[in-house]
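Remarks on the structure that follows.
The sequence lines fix the lettering, A, B, ..., with proteins before strands; numbering per chain opens at 1.
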Number of protein chains: 2
Amino acid sequence: MTNAEKQSGERMPLRPADQLIHKAAWLYYTHGLRQDEVAQRLNLSRASVATYLRKARETGIVTISTSSQLYTDEALARRLEDAIGLDAVWIVPEDREALDPSTEMPVVAATVFQELARSGDRIAIAWGRTVYHIADVMAYADRQNVTVVQLCGNLGAPYNYRPDQCTTEIARRLNAEGINFYAPLVLSSERLAEELRAEPVILEQLKSIATCQLALYSVGGIEADSHLVRCGALSAAEMAEMGKAGATGVIAGQLIDAEGQLVDCDYNRRCISADLDSIRAIPKRLMVVEEANKFEPLVAAIKGRLVSHLVVTTSMAQRLLSRWEGAPA
Amino acid sequence: MTNAEKQSGERMPLRPADQLIHKAAWLYYTHGLRQDEVAQRLNLSRASVATYLRKARETGIVTISTSSQLYTDEALARRLEDAIGLDAVWIVPEDREALDPSTEMPVVAATVFQELARSGDRIAIAWGRTVYHIADVMAYADRQNVTVVQLCGNLGAPYNYRPDQCTTEIARRLNAEGINFYAPLVLSSERLAEELRAEPVILEQLKSIATCQLALYSVGGIEADSHLVRCGALSAAEMAEMGKAGATGVIAGQLIDAEGQLVDCDYNRRCISADLDSIRAIPKRLMVVEEANKFEPLVAAIKGRLVSHLVVTTSMAQRLLSRWEGAPA
DNA sequence: CACGTGGGCTGACAAAAGTCAATTAAGTTG
DNA sequence: CAACTTAATTGACTTTTGTCAGCCCACGTG
């Protein structure tokens, strides 16, 4: 089955070529025949069968998934869950002979995400480097009736991990429908933002976020080289200003304070993005944090109940734990 | 991770040996390293890695699943869904160069079952040759928090597809908890059956059936060589008698009439089994019918709304379709 | 402390799967 | 309708994987 066909939503009959891929996959993976046996049965060369099988894997007709339990296993993860009250924590080790954490974390996150995503779900996707990395390493799967929605408005050109790209790419991987959000993330005036938010198309989509079953995002920092500044949503000076005014992190393009509440500021009022209560209404909020310098933003997001499932490095986990054990929330 | 450990319910830390299996599986399947690379990384021989990977597949640490769409694909399946109002139909072809349908049907059913079963589900399992065949070919998977419950009481010795065995085997395959039902299917007196049904343990379990998300069963016939007769629950003569009195098929050990309603008879009153309304309350009722001679019982089960998902042969599908198109329900 | 004893590991070989350049088929355009 | 373009298919070759007899080492035992 072709992506285009699946994307169109309607369940379509398989084209002859896709039928063959399905049959080959079925005989090989489900019945355990050898490639030459499959070839014989379908009157093909073995080489073709090998090609078909690769396609079957690439398109999600067959799915090979590995348990991510390895990363939930450490005692540290358990303690963190208990201390902070999260549903589940995955810890990516940085030390010893381990894999490079900078490549490993997105892989773990992608696996976890796939485990959490169910057929029929609506899934909200934020943006950012982390999310894009995850999309990039995510396995193809063929989930039925999944809808992927974009959590916040878009920004202009420079980045290749724009919100709509994150959404689209993940939708493609799941063979799901991707719903993009055609509004800018930040507008130049509060009034304009308000009017745009009231537009039926936008309103509809913003409302639909609260009905998602799963969200995937990271949290942003507020440094001069943070994501928002580099995208030009805010100047470095403005950002510094906001930091003084209590901003601690960024969720779906919006500034939050140290308690994980929306900062009451002009910038936030000019944003078009999911409101925090909608996000909190999503049962599974999967947060993935790669950078060590996102400690304070992460703490804020946790305090603001914006996280239910968490993927972090060992050292970040340790810092979180000592913070909570030192001063329980 | 060992089955014993998983079975115990509590999430336990992995033993060192199981850790290795997980790591090998992760590197090989998730990262796509070659076996020799994995071996190098984990300081093992490649042969050991191969062994570990086999174990990982066998225990459900990695899962390889194939889309069953091939069997939903035919137009016939679509027409049947529409005509009868089922959620989904899978059709196993019998003709042409196809696989032997008698082995293929359980394989398809097992695949469909795995697709329908979600983590966290409660799953009700009936018994019979068909169900046991399905259990037998079912792939191993490692679902979290699944509970498998037995739909009806047990019978005595002769069969090796006793209700408790079906339940236990499927629970083992899913790495789930299996809850057996320690009561006979039929008692010698109505009074005794009633008293037993009122026992807290039994009562509890019977009530819990309505809260399942998925049921797996077949439908029984009422011939002299039918399941119930061969198990000694009913004599051939009694069964013939019941047939005259309107019994058309058997669901979870109980006789149903042509409309899929419980027959009001002594035998049924002596049964300890899920009541039909509890079964109807289960959202996904997967019925699998292998034998051509179960046409009338199947029609009865469908009329009684005991089926939402169906796996049948092409010829059975055709017969169903002509019945419904001839005289819509 | 020598003696099994069994689980896990290895090396070497056989079997299976992956790859790619060449070829054929199918479709498209001037 | 011939020429060209593109995609599908294959045979031959290489690489990777599966297997199993034998080995080694840790551990319990007489």
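Taking atom CD1 on B/I64 and atom P on C/dA17, their separation rounds to 12 Å, with Å as the unit. Rounded to an integer number of Å, the gap from CG of A/L53 to C1' of C/dT19 is 14 Å. One can place CD of A/Q35 at 12 Å from P of D/dG18, the figure rounded to the nearest angstrom. The interatomic distance linking A/Q40 (CD) with C/dA16 (C1') rounds to 15 Å, in whole Å.
With D/dT17, C/dC9, D/dT10 as the candidates, the nucleotide lying closest to the side chain of B/S48 is C/dC9. Proximity note for B/Y52 (side chain, C-beta onward) versus C/dA17, C/dC9, C/dT19: the nearest is C/dC9. In the set D/dG18, C/dG18, C/dC9, C/dG18 carries the atom at the smallest distance from any side-chain atom of A/A50. Among C/dC9, C/dA12, C/dA17, the nucleotide with an atom closest to any side-chain atom of B/R46 is C/dA12. Ranking D/dC20, D/dG18, C/dA17 by closeness to the A/R34 side chain, first place goes to C/dA17.
The heavy-atom pair separating A/E81 from A/A88 by the smallest distance is OE2-CA, 3.8 Å.
Salt-bridge formation is detected for the pair B/E58/B/R54: a Lys NZ or Arg NE/NH1/NH2 atom is positioned less than 4.0 Å from an Asp or Glu carboxylate oxygen. The pair A/E169-A/R172 meets the salt-bridge criterion, since a charged nitrogen lies less than 4.0 angstrom from a carboxylate oxygen.
Panel note: side chain A/R173, backbone A/D136; a donor-acceptor pair is recorded below 3.5 Å.
Nucleic acid contact for A/L44: sugar-phosphate only, since backbone atoms but no base atoms lie under 4.0 Å from a heavy atom of the residue.
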